[in-house]
Amino acid sequence: MLPSMPAKPAIAIVGLGRLGTALALQLARAGYCISEIVSRTPESQRQARALTRTLKARSSHHQNVILDAGLVWLCVPDRRIAVVAADLAELNIWKGKTVFHSSGALDSDALASLRTRGAKVASVHPMMTFVRGAVPTMKGITFALEGDAAAVRLARRIVRDLGARTFIIPKQNKAAYHAWGAFTSPLLVAALVTAEQVARAAGLKTAEARRMMLPIVCQTFVNYAALGPAGAFSGPLVRGDSEIVSKHLRALKKIPDARAVYVALARSALRHLPVENRRQLERALKA
Ligand SMILES: NC(=O)c1ccc[n+]([C@@H]2O[C@H](COP(=O)([O-])OP(=O)(O)OC[C@H]3O[C@@H](n4cnc5c(N)ncnc54)[C@H](OP(=O)(O)O)[C@@H]3O)[C@@H](O)[C@H]2O)c1
């Protein structure tokens with residue numbers, strides 16, 4: 001912690017989008033004062049109004065900020081982090097302050113312009129999905145930390161107060177770390193929406209398919225958690241039914257995107273999961 005930094009510094013959130021909204025609420029529940037919320041457009045400022053009232057926070061336009069908080073947490077899109085940091089670096093307020101961003105892929109150097117002006121900086125990325133209309137608990141989730149020692153120390157305390165865990169990510173591993181994260185939620189949703197397209201080819205309506213898919217999808221996660229990937233793996237690949245795989249691929253010819261996903265995932269399964277008749281399955285996937 002910086003010498004002048006209280007145990008629970010006031011926090012300013014810049015960018016009240018998917019993460020910023022959930023973070024502001026959860027930090028307030030953990031006893032932190034959200035002193036200011038910075039928005040860019042009138043539309044986001046309008047959306048922020050109810051929350052700023054609830055949290056008794058100041059609502060600022062990005063060109064007219066106060067930022068008297070000890071910690072400024074940038075929750076803007078990754079492509080905007082360095083630009084917003086450079087804009088904020090024009091202010092002469094950074095000595096003794098800490099700044100976080102929450103990109104999974106970018107490291108703390110994205111905040112170099114603020115570091116130069118005297119701020120301690122870190123990247124603080126929660127391995128969780130944040131979407132509009134849902135505020136997930138932070139309890140038990142993990143934040144990947146990287147940056148200046150004092151900023152990382154402060155991040156550890158805050159994450160602990162949120163009931164979450166931390167691990168230190170080396171800068172050079174952040175891109176691979178975030179690609180992993182992409183598989184854990186956004187690409188899972190992409191796999192599900194691809195499945196919906198295949199259901200339509202089988203004559204089902206999307207809503208009907210979604211309802212029918214949910215029990216098997218949920219049980220798969222239960223099995224994965226309890227039994228691991230090999231124990232949770234069922235279907236024609238584990239049984240070695242290469243004829244069935246060929247039938248699938250013929251049916252999927254009319255949905256080439258879904259066919260490409262099927263082949264890529266089946267190839268990964270042949271490498272990493274237990275299957276019978278590996279050779280025949282490989283031939284079927286090549287055909
Ligand atoms: N969503 C997740 O699941 C998730 C998970 C982990 C980490 N993250 C990280 O969290 C960060 C934010 O992601 P997000 O998904 O929350 O994005 P988002 O929903 O698009 O929100 C970004 C917000 O930043 C605002 N903004 C842009 N420029 C600004 C500026 N100069 N001043 C003030 N506000 C500004 C945008 O407002 P306007 O619409 O008015 O431009 C928008 O409200 C990213 O670094 C991301 O990698 C996200």
Side-chain angles (χ1 to χ4, degrees), residues 103-105 125-131 134 136-137 140-144 164-165 167-170 172-287:
S103 168
H125 176 263
M127 186 55 97
M128 178 43 75
T129 172
F130 300 92
V131 296
T137 178
I141 74 167
T142 303
F143 284 67
R165 305 156 196 264
F167 92 105
I168 299 295
I169 178 98
Q172 68 274 16
N173 291 354
K174 284 215 70 171
Y177 158 83
H178 196 238
W180 164 49
F183 276 97
T184 63
S185 177
L187 294 179
L188 270 186
V189 177
L192 293 175
V193 88
T194 307
E196 289 177 4
Q197 303 309 306
V198 181
R200 285 171 68 85
L204 285 114
K205 292 202 168 68
T206 304
E208 206 178 5
R210 215 168 280 171
R211 181 178 52 75
M212 287 164 65
M213 271 158 61
L214 272 177
I216 182 170
V217 168
C218 293
Q219 188 60 42
T220 302
F221 283 113
V222 170
N223 294 345
Y224 174 80
L227 309 169
F233 192 50
S234 63
L237 295 177
V238 75
R239 290 189 293 266
D241 285 336
S242 59
E243 299 277 306
I244 304 295
V245 170
S246 301
K247 252 174 164 334
H248 289 173
L249 291 174
R250 281 196 293 277
L252 290 174
K253 269 197 173 140
K254 51 190 167 200
I255 326 170
D257 286 354
R259 194 176 193 274
V261 172
Y262 183 105
V263 170
L265 289 177
R267 287 203 171 123
S268 177
L270 293 200
R271 269 177 182 273
H272 304 293
L273 288 164
V275 296
E276 283 187 34
N277 299 331
R278 186 174 301 272
R279 283 267 163 73
Q280 286 99 312
L281 289 170
E282 276 166 358
R283 269 202 294 276
L285 289 171
K286 265 199 196 120

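Quick note: numbers below take in every heavy atom, side chains included, and nothing from hydrogens, waters or symmetry partners.
The heavy-atom pair separating A232 from L227 by the smallest distance is N-CB, 4.4 Å. For the pair M127 and G181, the tightest heavy-atom approach, listed with the atom from each and the gap, is CE-CA, 3.8 Å. Scanning all heavy atoms of the two residues, the minimum distance from A182 to P186 falls at O-CD, 3.2 Å. Taking all atoms of both residues into account, the shortest heavy-atom contact from E276 to L281 is O-CD1, 3.1 Å. Here the closest non-hydrogen pair linking A201 and K254 is CB-CE, 4.4 Å.
Atom CG in L237 sits 11.5 Å away from atom CD1 in I244 (nearest 0.5 Å). Within the model, atoms CG of L252 and OG1 of T194 stand 10.5 Å from one another, a figure rounded to the nearest 0.5 Å. For the atom pair CG of L188 and CZ of F221, the computed distance is 4.5 Å after rounding to the nearest 0.5 Å.
Between D257 and Q197, every side-chain heavy-atom pair lies at or beyond the 4.5 Å cut-off. A heavy-atom distance below 4.5 Å is found between the side chains of P236 and H248. The closest side-chain heavy-atom distance from V198 to Y262 is not below 4.5 Å.
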**Request:** For the pair V189 and T129, evaluate side-chain contact (heavy atoms from CB on, under 4.5 Å) and give the outcome as yes or no after the intermediate values.
**Result:** CA-CA 11 Å; V189 177; T129 172; over 6 Å; no

**Request:** For side-chain contact (heavy atoms from CB on, under 4.5 Å), just list the numbers for L249 and R259, CA-CA rounded to whole Å, side-chain angles, deciding distance to a tenth of an Å, and then say yes or no.
**Result:** CA-CA 7 Å; L249 291 174; R259 194 176 193 274; 3.6 Å; yes

**Request:** I would like to know whether V238 and L273 meet side-chain contact (heavy atoms from CB on, under 4.5 Å); could you show each step before the answer?
**Result:** CA-CA 8 Å; V238 75; L273 288 164; over 6 Å; no

**Message:** Please evaluate residues E196 and R210 with respect to the criterion salt bridge (Lys or Arg N to Asp or Glu O under 4.0 Å), reporting the C-alpha separation (whole Å), side-chain torsions for both, the decisive distance (0.1 Å), and the verdict.
**Reply:** CA-CA 7 Å; E196 289 177 4; R210 215 168 280 171; 2.8 Å; yes

**Prompt:** Would I169 and F167 count as a side-chain contact (heavy atoms from CB on, under 4.5 Å) if you check the C-alpha gap in whole Å, the side-chain angles of each, and the deciding distance to 0.1 Å?
**Reply:** CA-CA 6 Å; I169 178 98; F167 92 105; 3.9 Å; yes

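Atom CD1 of I168 has more than 12 neighbouring heavy atoms from other residues, nucleotides or ligands inside a 6.0 Å radius. Enclosure of atom CD in Q172 by more than 12 non-hydrogen atoms of other residues, nucleotides or ligands within 6.0 angstrom is indicated. Atom CZ of R239 sits in a crowded spot, with more than 12 heavy atoms from other residues, nucleotides or ligands closer than 6.0 Å. Within 6.0 Å of CZ on R165 lie no more than 12 heavy atoms contributed by other residues, nucleotides or ligands.
Panel note: side chain E208, backbone K205; a donor-acceptor pair is recorded below 3.5 Å. K247 places no side-chain N or O within 3.5 Å of a backbone atom of S242 that could act as its donor or acceptor partner. A donor-acceptor contact shorter than 3.5 Å is absent between the side chain of S268 and the backbone of A264. Without hydrogens or angle criteria, N277 side chain to G240 main chain gives a donor-acceptor distance under 3.5 Å.
When each of T184, I141, T142 is tested with M128 by the rule side-chain contact (heavy atoms from CB on, under 4.5 Å), just one qualifies, namely I141.
In this pair, H125 and Y177 present their aromatic rings perpendicular. The plane angle is above 60°, beyond the 30 to 60° band.
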